[in-house]
Amino acid sequence: MGTNKRYADAIDRRADERTERVLMRIPPCTIPMQAYGPDPLEWPAERPAVWAWVSWPHKPAERVAAVAHGWNDRVVVVHWMSPAGELNTVVWRNAVTRRSDHRRG
């Protein structure tokens, strides 16, 4: 018996959708607490908009528009929205830059 060619496209599409849902649930890589250093994290009330390079275990690193929630001299805790919902991770401080608001001139 061979494969059902009549429904092959629909079957492939459903398999691709299932794979995409699984991949969306894989969390980003994060920096271990031991690497934070001796300085405590600061948690300011003002949370600046930033660009952050985020590493993933299953795909290349990507630059995301995020918000910095806390930081010290070594690491930054960033949060951002993705198709899977809100995500967060801890990245090296040099992987983060402030986003400028071009509307303000």
Side-chain angles (χ1 to χ4, degrees):
M1 288 272 167
T3 60
N4 187 335
K5 294 179 182 165
R6 181 175 179 188
Y7 300 107
D9 290 341
I11 291 168
D12 289 345
R13 195 169 32 257
R14 278 191 303 225
D16 290 345
E17 289 168 0
R18 279 193 298 264
T19 301
E20 186 63 30
R21 283 195 304 267
V22 168
L23 291 176
M24 283 177 41
R25 285 190 230 130
I26 297 174
C29 299
T30 192
I31 305 296
M33 285 189 71
Q34 297 86 343
Y36 292 11
D39 294 342
L41 292 175
E42 297 176 30
W43 302 96
E46 180 187 341
R47 296 177 173 164
V50 297
W51 289 109
W53 283 99
V54 175
S55 297
W56 301 88
H58 65 294
K59 63 182 181 179
E62 66 181 326
R63 186 177 177 221
V64 298
V67 175
H69 280 237
W71 57 82
N72 69 10
D73 64 325
R74 292 187 185 184
V75 297
V76 180
V77 179
V78 293
H79 291 237
W80 71 99
M81 290 304 295
S82 77
E86 185 176 15
L87 295 176
N88 65 76
T89 193
V90 181
V91 297
W92 294 113
R93 187 165 185 145
N94 64 356
V96 177
T97 55
R98 283 187 183 255
R99 278 190 283 156
S100 60
D101 187 351
H102 296 292
R103 291 174 286 163
R104 285 193 262 169

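Since we're looking at a predicted model, the values are computed, not measured.
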Apply side chain to side chain contact (heavy atoms under 4.5 Å, CB included) to Leu41 and Val77, showing your working.
CA-CA 9 Å; Leu41 292 175; Val77 179; 4.2 Å; yes
Step-by-step side chain to side chain contact (heavy atoms under 4.5 Å, CB included) determination, Val75 to Val91
CA-CA 6 Å; Val75 297; Val91 297; over 6 Å; no
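Linking Ile, Leu, Val, Met, Phe, Trp and Tyr residues whenever their side-chain heavy atoms come within less than 4.5 Å leaves Val78 and Val67 in two separate clusters. Both Val76 and Val50 are part of a single hydrophobic cluster, where members link through side-chain heavy atoms under 4.5 Å apart. Hydrophobic clustering keeps Val90 apart from Met81 (ILVMFWY residues linked when any side-chain heavy atoms are closer than 4.5 Å, directly or through intermediates).
Other residues sharing a hydrophobic cluster with Trp53 under the 4.5 Å side-chain heavy-atom criterion for ILVMFWY residues do not exist; the residue is a singleton.
With sequence neighbours excluded, the residues satisfying side-chain hydrogen bond (donor to acceptor under 3.5 Å, both in side chains) with Thr30 are Thr89.
The ring pair (Phe, Tyr, Trp, His ring centres under 6.0 Å) pairs that include a residue from residues 25-44 number zero, where partners must be two or more places apart or lie in different chains. Applying the salt bridge (Lys or Arg N to Asp or Glu O under 4.0 Å) definition to pairs two or more places apart or across chains, those involving residues 42-59 are Lys59-Glu62. Pairs of residues two or more places apart, or lying in two chains, that qualify as ring pair (Phe, Tyr, Trp, His ring centres under 6.0 Å) and include a residue from residues 64-99 are His69-His79. Sequence neighbours left out, not one pair with a member in residues 69-87 passes salt bridge (Lys or Arg N to Asp or Glu O under 4.0 Å).
The backbone N or O of Asn72 lies less than 3.5 Å from a partner atom in the side chain of Arg93, making a donor-acceptor pair.
Closest non-hydrogen pair, Pro27 versus Pro57, comes out as O-CD, 3.5 Å.
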